[in-house]
K.L.:
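This is the structure, below, for whatever I ask next.
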Amino acid sequence: MWTVIYIATNKAMAEKYKKTLTDEGMLVQLRPIGSAHLGEHASVEILVPESEAEEAHEILTTLMGS
């Protein structure tokens with residue numbers, strides 16, 4: 001089961017966070033939210049397997065704090 005751990009404000013931010021998590025060995029999926037016409041500016045859900053959600057959230061929290 002995939003779990004949303006964060007909603008990025010745009011695709012570039014989502015890709016940055018995805019790279020950080022995959023570098024830590026996690027599986028990550030990105031899922032755009034809203035209208036397709038927003039393109040790169042649409043919000044994007046970052047999802048990980050439920051078993052990795054807590055660790056992934058901690059990694060992102062640390063990244064955002066630095």
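Counting from 1, the numbers follow the sequence of the chain as shown.
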K.L.:
Give the minimum heavy-atom separation between T22 and V28, together with the two atoms involved.
P.N.:
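Smallest heavy-atom distance, with atoms named: CG2-CG2, 3.9 Å.
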K.L.:
Determine whether L60 and W2 fall in the same hydrophobic cluster, where Ile, Leu, Val, Met, Phe, Trp and Tyr are linked whenever their side-chain heavy atoms lie under 4.5 Å apart.
P.N.:
no
K.L.:
So if you build clusters from Ile, Leu, Val, Met, Phe, Trp, Tyr with side-chain heavy-atom gaps below 4.5 Å, do M26 and L47 land together?
P.N.:
no
K.L.:
Can you list the residues that meet the salt bridge (charged side-chain N to carboxylate O under 4.0 Å, His left out) rule with E52, with sequence neighbours excluded?
P.N.:
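Salt bridge (charged side-chain N to carboxylate O under 4.0 Å, His left out) list for E52, sorted by chain: empty.
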K.L.:
For E55, does the CD atom sit with more than 12 other heavy atoms under 6.0 Å from it, leaving out its own atoms?
P.N.:
no
K.L.:
Please say yes or no: joined through hydrophobic side-chain contacts below 4.5 Å, possibly via intermediate residues, are L30 and I59 part of one cluster?
P.N.:
yes
K.L.:
How long is the gap from CD on E58 to OG1 on T62, to the nearest 0.5 Å?
P.N.:
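Those atoms lie 7.0 Å apart.
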K.L.:
Should we count CD of Q29 as having more than 12 external heavy atoms under 6.0 Å?
P.N.:
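Counting other residues, nucleotides and ligands, CD of Q29 exceeds 12 neighbours.
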K.L.:
Report, one line per pair, each donor and acceptor closer than 3.5 Å where one atom sits in a side chain of residues 3-11; sequence neighbours left out.
P.N.:
from: N10; atom 1: OD1; to: A12; atom 2: N; distance (Å): 3.2
from: N10; atom 1: OD1; to: M13; atom 2: N; distance (Å): 2.8

K.L.:
Crowded around E15 CD? As in, over 12 foreign heavy atoms under 6.0 Å?
P.N.:
yes
K.L.:
Distance check, rounded to the nearest 0.5 Å: L21 atom CG versus L27 atom CG?
P.N.:
10.5 Å
